[in-house]
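No hydrogens, no waters, no symmetry mates; every other heavy atom, side chains included, goes into these values. Quantities reported herein were computed from a predicted structural model and do not represent experimental measurements. Proteins come first, then strands; the chains are lettered A, B, ... in the order of their sequence lines, and each starts at number 1.
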There are 2 protein chains.
Amino acid sequence: MTTLSEVAHRAGVTPATVSNVLRNRGRVSKETRERVMEAITALGYRPNLNARALAEGRGPTLALMVSSIANPFYPEFALAVEQAAREHGSFMLLCNTNDDAATAYAYLNQLSGSLSEGVLVMNCNLDFGTLRQSRAPVVLCMWEKPEEPPGLPCVAVNFRLAGQLAAEHLLRLGHRQIGVIIGNGKGGVHTTRMQGFIDTVRAAGVDLPDSHCRNGLDTVQGGYDAARALLLDQPGLTAIFATNDLPAIGAMHAATDLNLNVPDDLSVIGITDIQMAQETRPALSTVAIPTQEAAEMAVDLLRKLIKHPALPDTPDEMRVTSEPLLKPRASTAPPKHKL
Amino acid sequence: MTTLSEVAHRAGVTPATVSNVLRNRGRVSKETRERVMEAITALGYRPNLNARALAEGRGPTLALMVSSIANPFYPEFALAVEQAAREHGSFMLLCNTNDDAATAYAYLNQLSGSLSEGVLVMNCNLDFGTLRQSRAPVVLCMWEKPEEPPGLPCVAVNFRLAGQLAAEHLLRLGHRQIGVIIGNGKGGVHTTRMQGFIDTVRAAGVDLPDSHCRNGLDTVQGGYDAARALLLDQPGLTAIFATNDLPAIGAMHAATDLNLNVPDDLSVIGITDIQMAQETRPALSTVAIPTQEAAEMAVDLLRKLIKHPALPDTPDEMRVTSEPLLKPRASTAPPKHKL
DNA sequence: CTGAAAGCGCTAACAC
DNA sequence: GTGTTAGCGCTTTCAG
């Protein structure tokens with residue numbers, strides 16, 4: 001490993017000067033700069049990022065904490081985060097918590113304050129109090145209630161509206177017998193979207209009894225199971241709304257397996273618009289969340305927090321993304337008149 | 001940030017001693033250890049990983065280089081890598097190259113030798129010569145030819161066999177009119193699997209003309225386009241093999257859109273067994289690659305290389321995973337007699 | 001415009 | 001067993 005001082009030596013200057021040309025700290029004559037640059041390339045010098053981080057008192061990375069990168073929503077987000085981080089010269093550390101609070105806590109503790117300058121949290125089983133005690137700034141990504149700050153810096157998406165858009169779409173198509181599948185259980189992180197949906201349906205004067213709602217895991221299989229049970233129980237349904245695309249896809253499969261044609265016999269709609277939503281047959285109607293924008297905002301906010309740590313008396317900042325957007329595709333259609 | 005010496009001071013010892021208890025370097029009396037531990041928890045001390053890395057002359061992370069984490073194969077691999085790395089106390093840096101050689105090169109240069117102790121390369125548009133010059137060990141993951149070492153440490157999977165297994169499955173079912181979709185173009189990384197498939201089919205005395213083969217992108221859409229063109233051109237086909245699951249899924253969609261029932265009118269099989277393969281309707285028959293095992297082997301090999309850098313005259317090590325495994329599912333069936 | 005010097009927080013000989 | 005002493009490679013005042 002060639003070091004700064006080796007470069008300095010070859011260029012006939014001191015390490016300080018080399019550092020100056022590297023950081024563009026001005027105050028370096030053109031000639032010296034050239035001599036240094038020559039030495040750098042000749043020696044194939046690369047700065048040691050650990051040493052730099054230590055001297056600068058900052059971490060060289062941003063951490064992204066997700067429950068599992070294998071959940072198809074996260075990769076798209078992670079890609080965007082990495083891109084944004086990279087534009088500002090940071091690397092991205094990926095942390096899978098597997099929905100385990102201890103793992104999440106361990107990560108937070110080990111990384112924040114040294115290896116990572118800041119951490120982006122998507123979903124970890126940590127309470128906000130713990131998060132707030134992080135030694136490095138934390139930004140909550142994908143907060144679901146723009147109108148109700150979590151007491152932590154965050155990027156919020158109007159998920160209530162997303163639910164509402166899904167509902168309006170189904171109502172507009174003429175559906176009146178509608179089922180709901182809530183990913184991740186009651187009181188969970190999908191409550192807002194569900195509420196947005198249900199409120200809209202009921203406000204339209206359409207009956208939506210609790211018996212039409214099912215909890216399920218936030219996975220394809222979870223949606224499958226929930227939808228199957230629901231359809232068996234409520235054969236009259238003409239449409240199902242799932243709080244996320246994965247369970248929505250599962251619901252389509254369940255319908256197929258029950259010999260129901262989507263969308264003729266059953267319309268299905270989700271929320272998020274993950275890549276996969278376009279890649280099912282029929283393609284899934286959904287309400288798109290501005291994933292990329294949220295990722296960029298999150299990195300941006302985090303970087304700001306790193307530069308200017310929030311004062312204790314400052315309200316925690318919240319950034320709200322642009323609005324969710326309905327993406328009608330082939331999985332929704334007007335209900336066929338049941339004979 | 002509380003530091004080592006603050007802890008030392010509170011415990012009435014020197015930094016060296018604290019370091020010793022932290023690293024379990026033995027030679028510390030029980031009492032001292034307890035006093036130190038007390039100070040550590042009382043002060044909420046967390047080691048600065050940058051400082052440690054600098055002092056130890058090693059990087060605190062392993063880097064995983066993929067073309068894009070949004071490609072559904074990578075998340076599963078990345079998850080396994082992170083798990084394995086974590087077990088050995090390393091964090092995982094995620095590097096998306098977007099198939100851009102310059103980005104890949106930049107990553108390699110910046111990370112290797114300081115931030116990252118080693119790098120796992122899945123697929124980057126860098127030639128092996130460049131990779132070989134990395135300042136930190138590089139392990140090629142998912143090398144396709146166990147019998148032909150790439151001149152770089154690697155984890156190999158017998159992809160030729162995978163192709164063979166897919167072929168045998170189709171032949172056994174009675175297919176004789178078979179199409180092939182090659183992901184990622186001619187001469188690309190899927191050549192081995194394709195060759196394994198084609199050789200097996202031909203060895204069985206079944207005709208498989210070049211006109212039954214199509215190149216395509218290694219995506220759902222790519223498979224869709226290629227399969228559509230192929231099916232329009234060769235309506236007599238009763239089965240399609242795609243060199244990867246994504247294009248295989250695309251092929252199923254193409255069939256559906258052409259009013260062909262899968263598997264009654266057309267059987268489809270892929271390779272890999274990504275999560276999504278079980279989540280399509282019909283579920284995709286495929287040949288499973290031991291992803292998790294490969295990830296563990298790769299991390300293991302990388303760690304070995306970090307500890308004992310390969311001598312210049314040492315042949316580059318290759319580890320071969322256990323064999324691919326046929327996963328017959330609902331997308332393949334005997335050909336229906338065409339009227 | 002450039003150099004000297006101190007220090008970031010930790011580890012690792014080597015003494016005691 | 002524990003302390004002393006040097007660094008690891010870089011940045012950053014502060015002098016010159």
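- Atom C1' of nucleotide C/dG9 and atom CZ of A/Arg135 are separated by 14 Å, given to the nearest angstrom.
- Under the rule for a side chain to side chain contact (heavy atoms under 4.5 Å, CB included), the partners of B/Ser114 that lie at least two apart in sequence or sit in another chain are A/Asn48, A/Leu49, A/Asn50.
- Rounded to an integer number of Å, the gap from CG of B/Leu115 to P of D/dC8 is 20 Å.
- Atom NZ in B/Lys30 sits roughly 18 Å away from atom C1' in D/dT2 (whole-Å rounding).
- Applying the side chain to side chain contact (heavy atoms under 4.5 Å, CB included) test to A/Thr32 and every residue at least two apart in sequence or in another chain returns A/Val13, A/Thr17, A/Val28, A/Ser29, A/Arg35, A/Val36.
- Distance from the side chain of A/Ala51 is smallest for D/dG9 among the nucleotides D/dT2, D/dG7, D/dG9.
- Under 4.0 angstrom from either OP1 or OP2 of D/dG9 there lies no side-chain N or O belonging to A/Arg52.
- Residues from residues 2-16 of chain A with heavy atoms under 4.0 angstrom of DNA chain D, sorted by number: A/Thr3, A/Leu4, A/Ala16.
- Residues passing the ring pair (Phe, Tyr, Trp, His ring centres under 6.0 Å) test with A/Phe159: none are found, sequence neighbours excluded.
- Atom CG in A/Asn48 sits roughly 18 Å away from atom P in C/dC8 (whole-Å rounding).
- Among D/dG1, D/dT12, D/dG9, the nucleotide with an atom closest to any side-chain atom of A/Arg23 is D/dT12.
- The residue B/Ser114 sits apart from the nucleic acid: no heavy atom pair falls under 4.0 Å.
- Listed by first then second residue, pairs satisfying side chain to side chain donor-acceptor pair (under 3.5 Å) with a partner in residues 140-154 of chain A read A/Glu144-A/Arg193, not counting sequence neighbours.
- Sorted by first and then second residue, the pairs that involve residues 290-300 of chain B and meet side chain to side chain donor-acceptor pair (under 3.5 Å), not counting sequence neighbours, are B/Gln292-B/Glu296, B/Glu293-B/Ser322, B/Asp300-B/Arg319.
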How does DNA chain D read in dot-bracket, base by base from 5' to 3', with Watson-Crick or G-U pairs under 3.5 Å and | used when the partner is on another strand? ||||.|||||||||||

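- Side-chain contact check for B/Ser67 and B/Thr97: no donor-acceptor pair (N or O, by modelled atom type) lies under 3.5 Å.
- The phosphate of D/dT11 has OP1 or OP2 within less than 4.0 Å of a side-chain N or O from A/Ser19.
- Listed by chain and number, the residues in a ring pair (Phe, Tyr, Trp, His ring centres under 6.0 Å) with B/Phe91 are A/Tyr107 (sequence neighbours excluded).
- A search for ring pair (Phe, Tyr, Trp, His ring centres under 6.0 Å) contacts involving A/Tyr105 returns nothing, not counting sequence neighbours.
- The nearest whole Å value for the distance from the CG atom in B/Asn50 to the P atom in C/dG9 is 11 Å.
- Regarding B/Leu54, its CG atom lies at a distance of 13 Å from the C1' atom of C/dA12, rounded to whole Å.
- A salt bridge does not link A/Arg303 with A/Glu117: every distance from a Lys NZ or Arg NE/NH1/NH2 to an Asp or Glu carboxylate oxygen is 4.0 Å or more.
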